[in-house]
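All remarks here apply to the structure that follows.
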Amino acid sequence: MASRSLSRLAQWCSRVFMVEINQKTEPIYFSLSSKPSAHNTELGALFGNGKLFSVYALCDDRIQSARSHAQLKNTLAENLPPGCELLDSAAFLPDIKSSLIKGFFLQDNSALSSAERAVTQLQEKGPVGLCVFTYTREENGQYLCSAVAEEPAERERKYYVIPAPAPQRHPSALNIRNSDVFYQMEDAYKVLQECCDIIPESKAVLELVTEQQLQSNNSHDKRFPVVVIEGLDATGKTTLTCSLQKALGAVLLKSPPHCLARFRQHFDAEPPLIRRAFYALGNYITAAQIARESSHAPVIVDRYWHSTAAYAIATAVSGREENLPAVGSEIYEWPSDLLRPSLVLLLSVSPEERLRRLTHRGLDKTEEESQLEINHLFRHKVDEAYKKIQNPACIVVDASPSPEHVLQQVLYLIRSKYNLQTQDHQ
Ligand SMILES: Nc1ncnc2c1ncn2[C@@H]1O[C@H](COP(=O)(O)OP(=O)(O)OP(=O)(O)O)[C@@H](O)[C@H]1O
Ligand SMILES: Nc1ccn([C@@H]2O[C@H](COP(=O)(O)O)[C@@H](O)[C@H]2O)c(=O)n1
């Protein structure tokens, strides 16, 4: 949708706005109307005092839009004077997929209102297409909204801010398909194709995907079992997968595959749309490797689509754990074009044990894994998302006991399902 058309306030009147005060309480929902509301008290918590405005970075190109949103957040956060609050905001059409536009709501209680100055400077130099709304409180307790738009007529137009009912489904789940989780290789592939001009590494990744697909053994004749080991970091996946490789004479693979290791740090720094497309394509490369290797030996995989989907969904769905869509939602469906493993085991340990192992291990973590430590809510959401994925679903394994005990437990699970002989112990 062209940014100019979106800056017309009227275009926004059909949308509901959501502002999240914090991750633990229900967001505040409001709309814009030509008529005042008799019940404005609910807005008091948000529209309490100070200068209030919301900012949306808009442009037609989804790659540039994703990057502009990330840049906007960094710029606003680094310019926030004490007393200012930067809250996540979004505008959406209730229950309409892909209608979510993410932005920010600023409460600027500072005397200098330097947050407003930061936004004004941004408007002058981009990112492309900023849409800024300002809010004022009238004597009669009504709140008015106006767009700081280019057209003078737009600048004069004011709308009442009125409370809106909470939607049936949490709006953060509206855009997941093909923005956070991909269900066809071609959809992830298109994202990186659109990045080639601004992220040169994308071309190399796409070439590896194409190369692996060409070598893929698509025949579905007899395959040896393919067992995926999943879990949060430091649950013991690497330790267990290495032991399983030895015990079963299996081939050990991982996702993302080794051939993408040199690109990971770069894509981990990109916004979700690009980062998740990268990991999705990593799964397709690993799938091609599984197809080849499982024709002659059992295959053990360290992380696969469950990880990609669970972390993406837990990141995209903001607020409380209950905001995650229920089991059976299409967002948990396995991609129809991605090789399905025979068995997926989800290693589970207590938060205390995981932290002990992390500390003991002392390795650095991705930003997202760091989030797992400081954000119990995020960790619970990842765990819950893992368990909601079906076909195949995860089998939860208590990975708290010793490495040998966990290995024997998992070998028993695999053998009882596949009557797989284990290698004689050397
Ligand atoms: N069953 C176990 N009991 C005690 N310590 C364990 C067990 N399994 C692994 N560890 C130790 O916990 C730490 C993390 O293990 P490991 O690297 O295998 O986890 P991981 O899930 O692969 O982590 P990541 O996903 O971050 O790579 C290591 O120091 C390892 O030696
Ligand atoms: N199939 C995968 C594997 C990983 N990720 C993302 O990478 C992060 C860390 O993975 P490590 O195995 O290096 O610990 C993890 O938090 C995921 O966000 C993925 O998306 N898909």
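The residues of the chain are indexed from 1 along the displayed sequence. Remember, it's 1-based here, ligands and their atoms both numbered in the order they're listed. Keep in mind that this is a model prediction, so the values were computed, not measured.
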Could you grab the distance from atom CD1 of Ile290 to atom CG of Leu339, nearest 0.5 Å is fine?
->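 Separation between the atoms: 5.5 Å.
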Under 4.0 Å to a heavy atom of [X] - the qualifying atoms of ligand 1, by number:
{"X": "Ala399", "value": "1 (N)"}
{"X": "Gly236", "value": "8 (N), 9 (C), 15 (O), 16 (P), 18 (O), 19 (O), 20 (P), 21 (O)"}
{"X": "Ser402", "value": "1 (N)"}

Arg276 heavy atom under 4.0 Å from ligand 2 =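 A heavy atom of Arg276 does come that close to ligand 2.
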Going by heavy atoms, is Lys237 under 4.0 Å from ligand 2?
->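 Lys237: no contact with ligand 2 (<4.0 Å).
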Numbered atoms of ligand 2 (with element) below 4.0 Å of Ser255, judged on heavy atoms |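 Answer for ligand 2: 1 (N), 2 (C), 3 (C).
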List every atom of ligand 2 that sits less than 4.0 Å from any heavy atom of Arg275, numbering the atoms from 1 in the order shown and giving each element.
->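 Those atoms are 18 (O).
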Decide, yes or no, whether a salt bridge links [X] with [Y] under the criterion of side-chain N to carboxylate O below 4.0 Å.
{"X": "Lys387", "Y": "Asp383", "answer": "yes"}
{"X": "Lys102", "Y": "Asp88", "answer": "no"}
{"X": "Glu201", "Y": "Arg262", "answer": "no"}

Heavy-atom distances under 4.0 Å decide this one: backbone, side chain, both or neither, for [X] against ligand 2?
{"X": "Arg264", "result": "side chain"}
{"X": "Asn283", "result": "side chain"}
{"X": "Tyr304", "result": "backbone"}

Within the structure, does Asp233 bring an N/O atom to less than 3.5 angstrom of an N/O atom in ligand 2?
->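 By distance alone, the answer is no.
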Please confirm whether Ser307 comes within less than 3.5 Å of ligand 2 when only nitrogen or oxygen atoms on both sides are compared.
->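 It does not: no N or O of Ser307 is found under 3.5 Å from an N or O of ligand 2.
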Report yes if the distance between the aromatic ring centroids of [X] and [Y] is under 6.0 Å, otherwise no.
{"X": "Tyr135", "Y": "Phe105", "value": "yes"}
{"X": "Phe30", "Y": "Phe17", "value": "yes"}
{"X": "His69", "Y": "Tyr56", "value": "no"}
{"X": "Trp334", "Y": "Tyr304", "value": "yes"}

I'd like to check whether [X] has a polar contact with ligand 1, where a contact means an N/O of the residue lying under 3.5 Å from an N/O of the ligand.
{"X": "Glu353", "answer": "no"}
{"X": "Lys237", "answer": "yes"}
{"X": "Ala234", "answer": "yes"}
{"X": "Thr235", "answer": "yes"}

Donor-acceptor contacts under 3.5 Å from residues 389-401 side chains, at least two apart:
residue: Gln390; atom: NE2; partner: Lys388; partner atom: O; Å: 3.2
residue: Asp398; atom: OD1; partner: Ser400; partner atom: N; Å: 2.9
residue: Asp398; atom: OD1; partner: Ser400; partner atom: OG; Å: 2.8

Does one side chain, of Ser54 or Ser89, offer a donor that lies under 3.5 Å from an acceptor on the other?
->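 No donor-acceptor contact under 3.5 Å links the two side chains.
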Option set Thr239, Leu240, Leu347, criterion heavy-atom distance to atom 15 (O) of ligand 1, minimum =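 Minimum heavy-atom distance to atom 15 (O) of ligand 1 goes to Thr239.
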Who's closest to atom 14 (O) of ligand 2 heavy-atom-wise, of His306, Lys254, Arg303?
->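 Checking each option, the heavy atom nearest atom 14 (O) of ligand 2 is found in Arg303.
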So Ser336 and Gln184, side chain to side chain donor-acceptor pair (under 3.5 Å) or not? Walk me through it.
-> CA-CA 7 Å; Ser336 55; Gln184 295 283 344; 3.1 Å; yes
CA sep, side-chain torsions, deciding dist, call: Glu384, Lys381, salt bridge (Lys or Arg N to Asp or Glu O under 4.0 Å) | CA-CA 5 Å; Glu384 274 308 299; Lys381 286 198 280 189; over 6 Å; no
Would you call Gly231 a ligand 1 contact, heavy-atom distance under 4.0 Å?
->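 Outside the 4.0 Å threshold, so no.
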Looking at ligand 1, does Arg303 have a heavy atom less than 4.0 Å from it?
->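 The answer is yes: ligand 1 sits under 4.0 Å from a heavy atom of Arg303.
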